[in-house]
Amino acid sequence: RSSDLTSAIFNAALLRLGLTCSHSRMPTPSLPSSAVFRVLLLSLTFCASVACGNMALRHAELAFAQVLYTASPLVTMGLSHVLLQGPGYGPLEYVAMLPVCLGASLSVLGEVHFNPKGCLFICITMILS
């Protein structure tokens, strides 16, 4: 809606100009450059995830996207195993994900309005989020 967009732009302008209401003027703490870099990286990842999710919903149906999103815990488990290189999850947790992923894959195979571009954006969204 246009009123939400107007409100967001107005609030951003007030923040930019420093015209916000605050009861006390406390100095803002400075962050170390490594923390700023991590926050920036997290922000960019979040923005990319939202953008890919919107593109996925543009090319694929919502029900199809929700079925694929049921497999996102398996993606999280795999990424934590690869990126964190710790003990990770046990074999029982991976076995518990098999029925969920099998059901999602059978549903994808039976999708009437399958769009490969939408499926790709959904998979990218699952990896980013």
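On a predicted model such as this, the values are computed, not experimentally measured, just so you know. Along the sequence shown, the residues carry numbers beginning at 1. All values below come from the heavy atoms of this structure, side chains included, with hydrogens, waters and symmetry mates left out.
- Side-chain atoms of S43 come within 3.5 Å of backbone N or O of V39 as a donor-acceptor pair.
- With values rounded to the nearest 0.5 angstrom, M97 atom CE is found 11.5 Å from L102 atom CG.
- Put simply, the side chain of T76 gets close to the backbone of S72: a donor and an acceptor are under 3.5 Å apart.
- Considering only heavy atoms from C-beta on, M126 comes within 4.5 Å of Y69 through its side chain.
- Side chains of F64 and S107 form no contact here, defined as non-hydrogen atoms less than 4.5 Å apart.
- Side-chain contact check for F46 versus S129: every heavy-atom pair is 4.5 Å or farther apart.
- Counting heavy atoms from C-beta on, the side chains of L120 and K117 never come closer than 4.5 Å.
- To the nearest 0.5 Å, atoms CG (L128) and SG (C123) are separated by 11.5 Å.
- If you take CD1 on I127 and OG1 on T45, they are separated by 12.5 Å, rounding to the nearest 0.5 Å.
- Grouping the Ile, Leu, Val, Met, Phe, Trp and Tyr side chains by contacts below 4.5 angstrom, directly or via other members, places V75 with L68.
- A donor-acceptor pair under 3.5 Å links the side-chain atoms of E93 to the main chain of G90, judged by distance alone.
- Scanning all heavy atoms of the two residues, the minimum distance from A56 to G118 falls at CB-O, 3.9 Å.
- Classified by interplanar angle (parallel below 30°, tilted 30° to 60°, perpendicular above 60°), the ring pair H59/F121 is parallel.
- Separation of atoms CG (L57) and CD1 (I122) is listed at 7.0 Å; rounding is to 0.5 Å.
- Counting heavy atoms of neighbouring residues, nucleotides and ligands inside a 6.0 Å radius, atom CZ of F37 does not exceed 12 of them.
- Note that SG of C119 and CD1 of I124 are 10.0 Å apart. Values are rounded to the nearest 0.5 Å.
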Test L74 against Y94 for side-chain contact (heavy atoms from CB on, under 4.5 Å), laying out the working first. CA-CA 8 Å; L74 183 65; Y94 286 106; 4.0 Å; yes
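- Surrounding CG of L98 are more than 12 heavy atoms belonging to other residues, nucleotides or ligands, all under 6.0 Å away.
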